[in-house]
**Q** 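One structure coming up, written as structure tokens, with questions to follow.
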Amino acid sequence: MKRVGGALVAALVLAAAGGEAHARAKHTTAAARSSAAVPSAAACTDSDETALWWSPVAPAAGATIKLLAVGEESGAGELSAIDPAGQRHALTVARHPGLPGSLSAELTAPHPGAYRVLWTRGDRALACRTIQVSAHASKPDTSVGKVVWTATHGWDRRYENFFSAWIDVLFDAPPDASLDFRPLHQALRDPARNFLMNFLGLREDDPKNKTAIIATPDCADLPYFLRAYFSWKMGLPFGFRDCDRGTDARPPRCTGFFSNEDPPTGKETLAAIRSFLRLMGNHVQSGSARTALDDDATDYYPVALEKKALRPGTIYADPYGHVMMVVKWVAQTPARGGLLLAVDGQPDTSIGRKRFWEGTFLFANDVKSAGPGFKAFRPVARGADGKLASVPNRAIGGAGDPAHAPFSDEQAKLTQDAFYARMGKLIDPQGLEAEAAYRETLDALAEQLTVRVGSVDNGEKFQKEKGPVVIPMPDGAKIFEATGPWEDYATPSRDMRLLIAMNVLLGIPDRIVKHPDLFKLGGRKPEAVRAEIAKLHASLIPTRGITYTRSDGSAQKLTVADLLARRAALEIAYNPNDCVETRWGAAEATPEAAPCTRHAPPEQKAKMAEVRVWFHEARRPSR
């Protein structure tokens, strides 16, 4: 064991795990058949930097073993396997560049015995592992012990890399593709995505198993659920605190500490895990992520704005309560700009992938009720007393803890403008052509509009199934923090982001003049480029848009130009008691609004009028 800042971190113990990822491109290579050095059985090992994992934990003859090689940022190299008879076989690999990158493959093991898996690059062996395949599948132990699960490993670099690679692969898709799940277990039950699906042999992710894990987290629960799920499967420590929501004058504060080594509830393993996940879901909320940046008694801690610190699994907490999780960096190329991709949950249990930009990642450091920004899970380790505890800020990162990005209060010192400029340089270090920057922002706005179509449709389906019924509307700022049908089907938070996104798009021409260092201007004056982009804007906004279904079932097309012109109407379009036409800003007595027969009651209209200034100014109240 080694000591880190007063907390004990378990010594490196490699769990037998590995997996397959959703592949964008697969190919078979002859490189694995080359004369690359083959380590002897005694020397067959890997390292933190280049680690091999497999799944399931206890493979049996006749089964397919999923492999994951983690560590190379470019996903470089080849995978091969030596069977018990000594024959070497090249494997078809899928590459997943990232931080860290990985390669995935499948190994068919028809016979029992020892299989050696090799990760090579040219003639160099990067890693080697021996997998023992049994003749018959063993029956897993389903009994419940004294704790929910025992932490047998520590969060060292190997496991943190593995967690990031698992998140990357779970939400992998072409950068321009739309990726959505409703609910999360659609992804967890997909063997092509979830490398840990049924890893323990308990049928824990089998949709035909009535006791399988159900995953329906919202935005605040999503990162916790994924971290807890991974920790359980891999025997890692996990904990969470009970936090309040803060006040107008201070960020949330947390008390208590729950962990995987608390006494379990349930008579068998899956029942105990489901109970623990429910307990977690009942305690964590948006306040858990908005804690003060210098607070030690929290589940997250802030990190520096550096790519190596913003790995998959890092969260983003905006000052108004929304939480997202980083899942992928896409490098800038000469042909297109870079991307930072994240996923978030919604009250209707849908999970979607988003790109980083000002319209989705809201930042402000002058909100007294929040400590916003990018944060990592605070490490949980075993203390000198043998109990699990979270590691304080001063002990995270550095020479004594190379597995984690150090604590940093950098984001507390940045203005909103400086924050976005800094992130722009991380995502596009070579700068962007002004036209490309505009087009990507327009694409991002179009994505938000498309997602809103689904959210509004969900409210319409609810009304048709239940009634119509009048959904109660909360008072004041509670419209953003409600529960029940209002939380599920109203869209005040999403519409606030939409209005902000519209302002960002409209502000790009002036941004070129204000921050010319973020753009490739080709020697032209910023003012001349601003005029070019303004002209481009006028030509493109009539060509992009959405189609929604009106109350009578007919289709209605709206362009971005239409919706920009309706910004005022969209300030009061979030109420699910209004018809769909009103929710898309249709003016009364127009042909578009003709099918509308459902309206929010007058008292709700009055409430909306009282808080309309927040939407008009595109700035949420502090809590």
**Q** More than 12 foreign heavy atoms under 6.0 Å from CZ of Arg598: is that the case here?
**A** yes
**Q** Give a yes-or-no answer on whether the side chains of Asp344 and His322 include a donor-acceptor pair shorter than 3.5 Å.
**A** yes
**Q** Any donor-acceptor pair under 3.5 Å linking the side chain of Glu532 with the backbone of Glu527?
**A** no
**Q** Please list, one pair per line, the donor and acceptor atoms closer than 3.5 Å that link side chains of residues 218-225 to other protein atoms, with sequence neighbours excluded.
**A**
{"unit_1": "Asp218", "atom_1": "OD1", "unit_2": "Ala220", "atom_2": "N", "d": "3.3"}
{"unit_1": "Asp218", "atom_1": "OD1", "unit_2": "Asp221", "atom_2": "N", "d": "3.1"}
{"unit_1": "Tyr224", "atom_1": "OH", "unit_2": "Asp299", "atom_2": "OD2", "d": "2.6"}

**Q** Output yes when a side-chain donor or acceptor of Arg290 lies under 3.5 Å from a complementary backbone atom of Ser369, and no otherwise.
**A** yes
**Q** Can you confirm whether more than 12 heavy atoms, excluding those of Glu603, are under 6.0 Å from its CD atom?
**A** yes
**Q** Does NE2 in His515 sit with more than 12 non-hydrogen atoms of other residues, nucleotides or ligands closer than 6.0 Å?
**A** yes
**Q** Would you confirm whether Thr450, through its side chain, and Ala446, through its main-chain N or O, come within 3.5 Å as a donor-acceptor pair?
**A** yes
**Q** Run the salt-bridge test on Arg353 and Asp180 with the 4.0 Å N-O cut-off and return the result as yes or no.
**A** no
**Q** Going through the distances and angles, do Ile541 and Thr559 end up as a side-chain contact (heavy atoms from CB on, under 4.5 Å)?
**A** CA-CA 7 Å; Ile541 57 174; Thr559 67; over 6 Å; no
**Q** For residues Arg245 and Ser286, is any side-chain donor paired with an opposing acceptor at under 3.5 Å?
**A** yes
**Q** Taking all non-hydrogen atoms of both residues, which atom of Ile471 and which atom of Tyr489 are closest, and how far apart?
**A** CD1-CD1, 4.5 Å
**Q** Between Asp428 and Lys520, is the salt bridge (Lys or Arg N to Asp or Glu O under 4.0 Å) condition met? List the steps.
**A** CA-CA 11 Å; Asp428 294 300; Lys520 295 179 180 179; over 6 Å; no
**Q** With a 3.5 Å distance limit and no angle check, can you tell me whether Asn194 reaches the backbone of Leu188 through a side-chain donor-acceptor pair?
**A** yes
**Q** How about Tyr229 and Trp166: are their ring centroids closer than 6.0 Å?
**A** yes
**Q** Which heavy atom of Gly371 sits nearest a heavy atom of Pro251, and at what distance?
**A** N-CB, 4.3 Å
**Q** Using the side-chain contact (heavy atoms from CB on, under 4.5 Å) rule, take Asp244 and Arg250 through it: C-alpha gap first, then chi angles, then the decisive distance, then the call.
**A** CA-CA 11 Å; Asp244 64 26; Arg250 67 160 177 84; 2.9 Å; yes
**Q** For Phe615 and Tyr574, I'd like to know if the aromatic rings sit close, meaning centre-to-centre distance below 6.0 Å.
**A** yes
**Q** Quick one, Thr216 and His185 - any side-chain contact, counting heavy atoms below 4.5 Å?
**A** yes
**Q** Quick one, Glu487 and Asp348 - any side-chain contact, counting heavy atoms below 4.5 Å?
**A** no
**Q** What pair of heavy atoms forms the shortest contact from Met324 to Thr360, and how long is it?
**A** CE-O, 3.2 Å
**Q** Among side-chain atoms of Ser104 and His96, is any donor-acceptor pair under 3.5 angstrom?
**A** yes
**Q** To the nearest 0.5 angstrom, please state how far the CD1 atom of Ile546 sits from the CD atom of Gln448.
**A** 13.5 Å
**Q** Please say which of Lys605, Arg583, Gln604 ends up in a side-chain hydrogen bond (donor to acceptor under 3.5 Å, both in side chains) with Asp578.
**A** Lys605
**Q** Checking salt bridge (Lys or Arg N to Asp or Glu O under 4.0 Å) for the pair Arg544/Asp443: CA distance, chi angles, key distance, verdict?
**A** CA-CA 9 Å; Arg544 304 291 298 277; Asp443 288 344; 2.8 Å; yes
**Q** Between Leu449 and Leu563, does the side-chain contact (heavy atoms from CB on, under 4.5 Å) criterion hold? Intermediate values first, please.
**A** CA-CA 9 Å; Leu449 290 168; Leu563 290 162; 3.7 Å; yes
**Q** Can any side-chain N or O of Glu433 pair as donor or acceptor with the backbone N or O of Glu435 at less than 3.5 Å?
**A** no
**Q** How long is the span from the CH2 atom in Trp329 to the NZ atom in Lys307, to the nearest 0.5 Å?
**A** 5.5 Å
**Q** If you take the centroid of each ring, where Trp contributes its six-membered ring, are Tyr320 and Phe480 closer together than 6.0 Å?
**A** no
**Q** Nearest 0.5 Å please: distance from the CD atom of Glu358 over to the CE atom of Met423.
**A** 11.5 Å
**Q** Do the rings of Phe377 and Tyr300 sit parallel, tilted or perpendicular, given the 30° and 60° boundaries?
**A** tilted
**Q** For Tyr420 and Phe363, take the angle between the two ring planes, folded into 0 to 90°, and tell me which bin it lands in: parallel under 30, tilted 30 to 60, perpendicular over 60.
**A** perpendicular
**Q** Taking atom types as modelled, find out whether Glu581 and Ser551 have a side-chain donor-acceptor pair closer than 3.5 angstrom.
**A** yes
**Q** Any non-hydrogen side-chain atom of Asp242 less than 4.5 Å from a side-chain atom of Cys254?
**A** no
**Q** Could you grab the distance from atom CD of Glu592 to atom CG of Asp562, nearest 0.5 Å is fine?
**A** 8.0 Å
**Q** Do Val343 and Lys354 have side chains that get closer than 4.5 Å, going by heavy atoms?
**A** no
**Q** In terms of side-chain geometry, is the basic nitrogen of Glu571 or Arg567 positioned less than 4.0 Å from the acidic oxygen of its partner?
**A** no
**Q** Show the nearest heavy-atom pair for residues Gly476 and Trp614, with the distance to one decimal.
**A** C-CH2, 3.7 Å
**Q** Hey, can you tell me if His537 and Tyr438 have their rings parallel, tilted or perpendicular (30° and 60° cut-offs)?
**A** perpendicular
**Q** Decide yes or no on side-chain contact (heavy atoms from CB on, under 4.5 Å) for Leu226 and Phe171, but give the supporting numbers first.
**A** CA-CA 12 Å; Leu226 291 169; Phe171 297 105; 4.0 Å; yes
**Q** Taking all non-hydrogen atoms of both residues into account, name the closest pair between Asn577 and Gln463 and its distance.
**A** OD1-NE2, 3.6 Å
**Q** Is it the case that the side chain of Arg355 and the backbone of Pro175 share a donor-acceptor pair, with hydrogens and angles ignored and the cut-off at 3.5 Å?
**A** no
**Q** With rounding to the nearest 0.5 Å, note down the distance linking CG in Asp172 to CD1 in Ile167.
**A** 12.5 Å
**Q** Under the salt bridge (Lys or Arg N to Asp or Glu O under 4.0 Å) criterion, do Asp495 and Arg452 qualify, and how do the steps go?
**A** CA-CA 8 Å; Asp495 288 5; Arg452 187 180 188 270; 2.7 Å; yes
**Q** Backbone N or O of Met473 within a donor-acceptor pair of the Lys607 side chain at under 3.5 Å?
**A** yes
**Q** Hey, does the side chain of Arg612 reach the backbone of Ala568 with a donor-acceptor pair shorter than 3.5 angstrom?
**A** yes
**Q** Assess, by modelled atom type and distance only, whether the side chains of Thr415 and Asp417 contain a donor and an acceptor separated by less than 3.5 Å.
**A** no
**Q** Is the backbone N or O of Leu305 less than 3.5 Å from a side-chain atom of Glu410, with the two atoms forming a donor-acceptor pair by type?
**A** yes
**Q** Using the side-chain contact (heavy atoms from CB on, under 4.5 Å) definition, which of the options Leu498, Leu505, Ile500 pairs with Met502?
**A** Leu498
**Q** Backbone N or O of Ala437 within a donor-acceptor pair of the Thr441 side chain at under 3.5 Å?
**A** yes
**Q** Just how far is it from atom CG of Leu99 to atom OG of Ser164, taken to the nearest 0.5 Å?
**A** 8.5 Å
**Q** May I have the step-by-step check of salt bridge (Lys or Arg N to Asp or Glu O under 4.0 Å) for Asp517 and Lys425, ending in yes or no?
**A** CA-CA 9 Å; Asp517 55 308; Lys425 290 180 180 178; 3.2 Å; yes
**Q** Please give me the minimum heavy-atom distance between Pro595 and Asp552, naming the atom from each residue.
**A** CG-OD2, 3.5 Å
